[in-house]
Amino acid sequence: MLGLCAAIVKLCASSMPTNVNAEAAWNYHEVTKHSYTNVRTNPHFLDFANQPLPFKIYPALEPSRMPTEVRQTGVAALSAIAGSVPAQTNAAPDLEAVAQLLYLSAGITRQRKYSAGQIYFRAAACTGALYEVELYLVCRELANLQAGVYHFAPAEFGLRRLRAGDYRSVLVEATGGEPAIAHAPLTIVCTCTYWRNAWKYQARTYRHFGWDNGTMLANLLAVATALGLPAKVVCGFADATVNRLLDVDSQREVAFSLVAVGHDSGFSAQTAPPAQTTPRTLAEISPLAFETVPLSRDEVDYPLMREMHAASSLGSAEEVAAWRGRTRLGSTEMPNLPPPAGSVVPLQPLSDAEMPRDPIEQVILRRGSSRRFARTPISLAQLSTLLDRATRGVPADFLDPMGTQLNHLYLIVHAVEGLDSGAYVFHRDRGVLECLKQGNFRDQAGYLGLEQQLPADAAVDIFFLADLRPIFDRLGNRGYRAVQLEAGILGGKLYLAAYAQRLGATGLTFYDDDVTRFFSPHAEGKSAIFLVAVGHRVKRQSQS
Ligand SMILES: Cc1cc2nc3c(=O)[nH]c(=O)nc-3n(C[C@H](O)[C@H](O)[C@H](O)COP(=O)(O)O)c2cc1C
């Protein structure tokens with residue numbers, strides 16, 4: 001009898017989806033931590049002769065150019081980042097809106113020469129300016145754009161059509177019937193390419209996937225809102241199906257997130273009769289085998305990342321639907337911060353009438369990571385507006401109900417008028433900052449931000465910390481993708497909120513365990529996920 005039970009347990013374990021067992025995510029997180037010692041003992045160096053191309057190029061496919069004129073929405077950036085269009089609003093983008101969405105999230109907005117060549121800076125911040133996130137469109141026929149699967153080519157500002165026809169039903173199948181995807185005229189698929197970022201950051205790149213995809217999504221969501229389009233981030237999908245639809249080599253490039261754009265209440269790709277030519281299942285999707293230009297002479301493989309990706313992959317529509325069923329977080333399952341025990345300072349955000357009204361497109365084009373901060377103070381109203389506007393909720397399948405947040409924000413305040421210097425934790429639900437300790441922590445902040453000057457000089461450093469245990473309990477290994485992606489989105493919103501107020505900002509990396517230690521005992525058990533520094537930037541001579 002005992003033997004039979006053991007056999008059944010073994011059978012169940014072997015058929016249990018790997019996503020549920022979060023050992024892989026814990027292991028990946030632990031192994032990729034930065035510490036004072038491992039940063040110094042890592043022999044890695046940048047081989048500029050083998051630097052990967054920043055673009056994916058299909059030499060056999062001619063891109064069709066998109067309109068380059070930036071349509072002025074006139075919507076204030078601080079409104080666009082804080083709000084979203086109700087999910088059921090009927091709206092579909094036309095080609096001009098598609099161009100606007102792509103340009104302001106992943107387009108080339110600036111370029112600069114340097115000793116080894118040219119850097120093409122993009123609309124959203126990205127670690128190392130290496131731009132490992134590619135965008136694809138899966139759409140029905142839109143005004144001035146035929147139904148198809150397209151790759152966005154930022155260098156030409158064009159679209160390469162990979163498949164002709166309406167393939168949305170494949171995404172509906174892959175997402176287990178996710179309603180936003182089922183009703184969306186357009187879904188943007190974001191993929192990440194390992195080597196393009198791992199050339200510099202090695203195995204830590206899998207974290208960067210979430211960060212860099214997230215900053216891009218902050219822009220994309222804000223622009224969609226400004227254009228009157230509902231948009232929703234979807235992390236739950238059968239990986240192999242989406243990868244096959246795009247025909248990416250999943251050893252090198254993998255789908256990371258989807259964004260449903262627009263809504264058509266009269267149509268559901270799920271219930272629509274399939275067109276004769278449209279496949280619905282993995283086996284029916286034909287390979288394309290388009291040639292792409294190699295990224296560099298050699299590629300170094302970091303198997304740990306592929307293992308992490310495989311362990312967080314979902315295998316079938318049923319598994320995806322079950323995963324999504326677990327994303328609805330209750331207060332007991334996703335514990336909030338304990339009530340404040342120390343002194344608190346209420347936020348004083350600017351109202352709609354008082355806030356700067358610079359439109360979202362202007363703010364995105366103005367944004368660029370600050371390379372130096374002046375040690376001059378920002379106001380409490382500016383800091384409050386940043387925090388308030390950036391944390392009003394992200395429409396995402398893993399943040400249910402809307403307004404759920406996986407990351408907690410911890411601050412080191414150096415120079416904010418009306419706020420004592422010190423360490424704080426942000427209670428979003430109460431709109432207050434709780435002081436954890438007072439003092440001048442500029443040196444410690446510089447150290448925590450990987451011994452860089454930027455976090456020491458900023459007016460405030462905003463750290464994201466998450467309790468990974470309840471996240472992994474609910475979302476499995478895929479919770480690791482979700483927590484990094486959420487951090488990137490919130491970080492991207494903080495960037496935009498800073499630039500909307502004519503402040504500067506930069507993402508930064510950090511010494512993981514030292515960050516947790518600094519904010520402990522309050523942060524005990526949490527993991528450091530992300531860091532953004534904000535302040536007055538010292539402009540370069542050529543910068544306006
Ligand atoms: C998550 C994240 C982490 C970053 N970390 C650092 C950092 O540690 N040091 C730094 O100088 N810049 C850092 N940056 C800034 C990038 O280098 C910058 O975004 C990139 O060069 C592109 O330039 P841009 O933001 O001006 O468009 C980071 C950016 C992001 C999004």
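If you're wondering where the values come from, they're calculated on a predicted model, not measured in any experiment. As the structure lists them, so they are numbered: ligands from 1, and atoms in each ligand from 1.
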### Task
Would you check, one step at a time, whether the test side chain to side chain contact (heavy atoms under 4.5 Å, CB included) holds for F464 with Y410?
CA-CA 6 Å; F464 293 52; Y410 286 77; over 6 Å; no
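- Using a 4.5 Å heavy-atom threshold, the side chains of Q100 and E361 count as touching.
- In this structure, F237 has its ring center at least 6.0 angstrom away from the ring center of W323.
- When ring centroids are compared, Y480 and Y28 come within the 6.0 Å threshold.
- Within the 4.5 Å cutoff, no side-chain heavy atoms of V85 are placed close to those of L229.
- Proximity of I188 to F152: side-chain heavy atoms (C-beta onward) are nowhere separated by under 4.5 Å.
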Would you mind listing each N/O atom of ligand 1 next to any protein N/O under 3.5 Å, plus the distance?
from     : atom 1 : to   : atom 2 : distance (Å)
ligand 1 : 5 (N)  : G507 : O      : 3.2
ligand 1 : 8 (O)  : Q452 : NE2    : 2.9
ligand 1 : 8 (O)  : T509 : N      : 3.1
ligand 1 : 9 (N)  : Q452 : OE1    : 2.8
ligand 1 : 11 (O) : R371 : NH1    : 2.9
ligand 1 : 12 (N) : R371 : NH2    : 3.2
ligand 1 : 14 (N) : G507 : O      : 3.2
ligand 1 : 19 (O) : C126 : N      : 3.2
ligand 1 : 19 (O) : C126 : O      : 3.4
ligand 1 : 19 (O) : S369 : OG     : 3.1
ligand 1 : 25 (O) : R367 : NH1    : 3.0
ligand 1 : 25 (O) : R367 : NH2    : 3.4
ligand 1 : 25 (O) : S369 : N      : 3.3
ligand 1 : 25 (O) : S369 : OG     : 2.5
ligand 1 : 26 (O) : R110 : NH2    : 3.0
ligand 1 : 26 (O) : S369 : N      : 2.7
ligand 1 : 27 (O) : R110 : NH2    : 2.8
ligand 1 : 27 (O) : R367 : NH2    : 2.8

